[in-house]
Amino acid sequence: MTDQEKIVSNDYYDIIADYTLPEKLWGSLRDFVYQPVSGEIGVVYANRREVPQLSVSEFTYQAIPKLYGLMQQSEPFDPTPLIRSGITEMQNSALNLTGRGVIIGFLDTGIRYDDPVFRNPDGSTRILGIWDQNVQTGTPPDGILYGTEYKRETIDLALQSENPREIVPSYDENGHGTALASVAVGSSLENGLGFLGAAPEADIVMVKLKEAKQYLRDFYLIPEDVPAYAESDVMVAIKYLESYAVSLLKPLVICFGLGTNMGDHNGHQILGGYLNLIATKRSRVVMVCGGNEGNSAHHYEGTSIEGLLETVDNVEIRVDGNTKGFTAELWGNVPAKHAISIRTPGGEVTSRVDFRDQNRREFSFVFERSRIEVDHILVEQGSGEELIFFRFIDPTPGVWTIQVTISENGSGSIFNIWLPVTDFLQSNTYFLRPYPYGTLTEPSNAREVITTSTYNDENGGFWADSGRGYTRQGRVKPDISSPGVNISTILGRRTGSSFGVALASGAAAQFLQWAVVQANQPRVESRELKNYLIRGAFRAPGENYPNGEWGAYGNIVSS
């Protein structure tokens, strides 16, 4: 089996490494492939027969790739969001800011490269490169061990042929990546009356992510036919986008339209750290959507009572009859400790588990076919805080209760529990007493990226489904808010935070054209752009800033 075949094989685990793997894993590995990402960050693809059974406590939480979903909800062209956000004004002003000379990089479901919205007036492509992680028959990009890269010359050759997909077989079957890219960089069609993107002259680089391996879908209990993308592939995709910009000496905007509820919601995971690293480079901007989880009832926040040695909080989860399984993550603050017991809808109650004797427990029940696996890490590697990881397998419909006991100097302490994002549940499963704040999806909680929430430009109101800040430990996020409701794409109108971040990414490309390409501020990076956007944003009278809905200091993207 070649290295390329091992990387895409379900018989090989993807293991994320940011320095060294745990000795108990390295010591047994003989059959593996290593894909460098950046510095000490990389991905190990290890033969499953040579490593322990997949679990949080065996592998460490950071090493197991999280899964990311598409942040959309699933009609003539309407330029109103572009106008109201100030983007078309910058296109038509004397500055003529159209993203010219700037690369916008996407990692998504691919791109329909033959669409006129991604072509120049002469019919040639505006796409510099497509890396399709799914196609293994061609040549991978330099420094990457799998997939096939199609450069501009090959795409142009395909566009001139009668059957383009015989030359460039990469295609966006889902349509999300195509729609997202059209919002950010779509060409002006019919003088802007047929279609117009936010940065219609920016260069385009697209990564078509491959779907997560089945073993990861099984581990996280993801329903069939739901798009899910592994953190390991996402990280290598970002490496590709960054290296493309380096090779051409051009400024880069990374448009990140994916999200997950997995993670500490404070930006401490390896992917968040990698995005921070890129965002602090000169002429680099990382734009991340805040997700669509604000109204999903998938977040619970509990607080211990001042003065009590122990506080008991009964966390109720209403489980739908169509739910075959789901995961949940409890994150507790230092120095408190957290013990749990579980009550089934039928009334069976497990004994209280404080995790002092072992790290992993499994519960089965006399009158329920359900099984629950509970993994525990007292000091999680990335955040330094306590993590309890649940897998509910074949849960009985009804109300499940997780009884959380906070003790050991936990007075006034807060714990948080997140269920998966809506698409990963694919059923009406939710907390009975949810907390709508702290619902920004990862990696939008990373410190240095520019995080967008979503509003409806038709009425100026905050979109109820938009993720809300702050981070789990109270750091201000999101940074700004941008239109994401009924946004015109080349595939029709769509709603979701991913389309909001696409508009904001186009605005970022406009700024980089002025700052870097036109040499007005050539050493700019994400932190400076963030503050320019905040300074130019509209702030509603009577609204207190910062806040968890609208962002750090402003309501809408405005140039």
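Note that the coordinates shown come from a computational prediction; the quantities given were computed from them, not determined experimentally.
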Please examine the side chains of [Y] and [X], heavy atoms only from C-beta on, and report whether any two atoms are closer than 4.5 Å.
X      : Y      : result
Leu512 : Val253 : yes
Ile238 : Phe256 : yes
Tyr34  : Val43  : no
Val236 : Tyr146 : yes
Val44  : Leu29  : yes
Asp132 : Tyr171 : no
Arg100 : Val517 : no
Asp142 : Ser243 : no

Measuring centre to centre across the rings, with the benzene-like ring taken for any Trp, is Trp418 within less than 6.0 Å of His298?
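No - the distance between ring centres of Trp418 and His298 does not fall below the 6.0 Å cut-off.
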
Flag the pair His268 / Tyr61 as yes when their ring centroid distance falls below 6.0 Å, and as no otherwise.
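No, the ring of His268 stays outside the 6.0 Å limit from the ring of Tyr61, centre to centre.
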
Going by distance alone, is a donor N or O of one side chain under 3.5 Å from an acceptor N or O of the other, for [X] and [Y]?
X      : Y      : answer
Glu293 : Thr439 : no
Glu166 : Ser161 : no
Thr471 : Asn266 : yes
Asp156 : Thr125 : no
Thr429 : Thr323 : yes
Arg527 : Thr280 : no
Gln214 : Asp218 : yes
Asn322 : Ser427 : no
Gln4   : Gln136 : yes

Ion pair check, [X] and [Y], cut-off under 4.0 Å:
X      : Y      : result
Lys66  : Glu442 : no
Glu173 : Lys208 : yes
Glu528 : Lys530 : no
Glu50  : Arg30  : no
Glu153 : Lys151 : no
Glu211 : Arg217 : yes
Asp31  : Lys6   : yes

Quick one: do Ile155 and Arg152 satisfy side chain to side chain contact (heavy atoms under 4.5 Å, CB included)? Show the steps, please.
CA-CA 5 Å; Ile155 298 170; Arg152 175 162 48 186; 5.6 Å; no

If you count heavy atoms of other groups shown closer than 6.0 angstrom to CG of Asn191, is the number above 12?
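12 or below, so no.
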
Taking everything shown except Arg48 itself, do over 12 heavy atoms lie less than 6.0 Å from its CZ?
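Check passes, neighbour count above 12.
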
Output the distance between atom [atom1] ([X]) and atom [atom2] ([Y]), rounded to the nearest 0.5 Å.
X      : Y      : atom1 : atom2 : value
Asn174 : Asp172 : CG    : CG    : 6.0 Å
Ile7   : Thr2   : CD1   : OG1   : 8.5 Å
Ser170 : Gln133 : OG    : CD    : 10.5 Å
Arg112 : Met206 : CZ    : CE    : 11.5 Å
Leu258 : Ser444 : CG    : OG    : 12.0 Å
Leu277 : Glu448 : CG    : CD    : 10.5 Å

Within the distance-only criterion (no hydrogens, no angle test), does the side chain of [X] pair as donor or acceptor with the backbone N or O of [Y] below 3.5 angstrom?
X      : Y      : answer
Asp375 : Val56  : yes
Ser187 : Val117 : yes
Arg360 : Glu373 : no

Please walk me through it: do Arg371 and Asp394 pass side chain to side chain contact (heavy atoms under 4.5 Å, CB included)?
CA-CA 7 Å; Arg371 191 171 85 253; Asp394 293 322; 5.9 Å; no

Would you please classify the geometry between the Tyr240 ring and the Tyr244 ring as parallel, tilted or perpendicular, with 30° and 60° separating the classes?
perpendicular

Please say which of Ser497, Ser466, Ser498 ends up in a side-chain hydrogen bond (donor to acceptor under 3.5 Å, both in side chains) with Asn292.
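One option only clears the test, and that one is Ser497.
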
What's the shortest heavy-atom distance between Gly177 and Thr109, and which atoms?
N-OG1, 2.7 Å

Set out, in order, the CA-CA distance, both residues' side-chain angles and the distance that settles side chain to side chain contact (heavy atoms under 4.5 Å, CB included) for Met262 and Leu67, then state yes or no.
CA-CA 8 Å; Met262 304 169 191; Leu67 298 190; 4.2 Å; yes

Trace of the side chain to side chain contact (heavy atoms under 4.5 Å, CB included) decision for Ile278 with Ile254
CA-CA 9 Å; Ile278 292 176; Ile254 293 178; 4.2 Å; yes

For a ring-ring contact (aromatic ring centres under 6.0 Å, His included) with Phe219, tell me which candidate from Phe59, Phe389, Tyr13, Phe326 qualifies.
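With Phe219 as partner, Phe59, Phe389, Tyr13, Phe326 yield a single ring-ring contact (aromatic ring centres under 6.0 Å, His included), made by Phe389.
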
Phe392 six-ring face occupied by Lys324 cation (under 6.0 Å, within 45°):
no

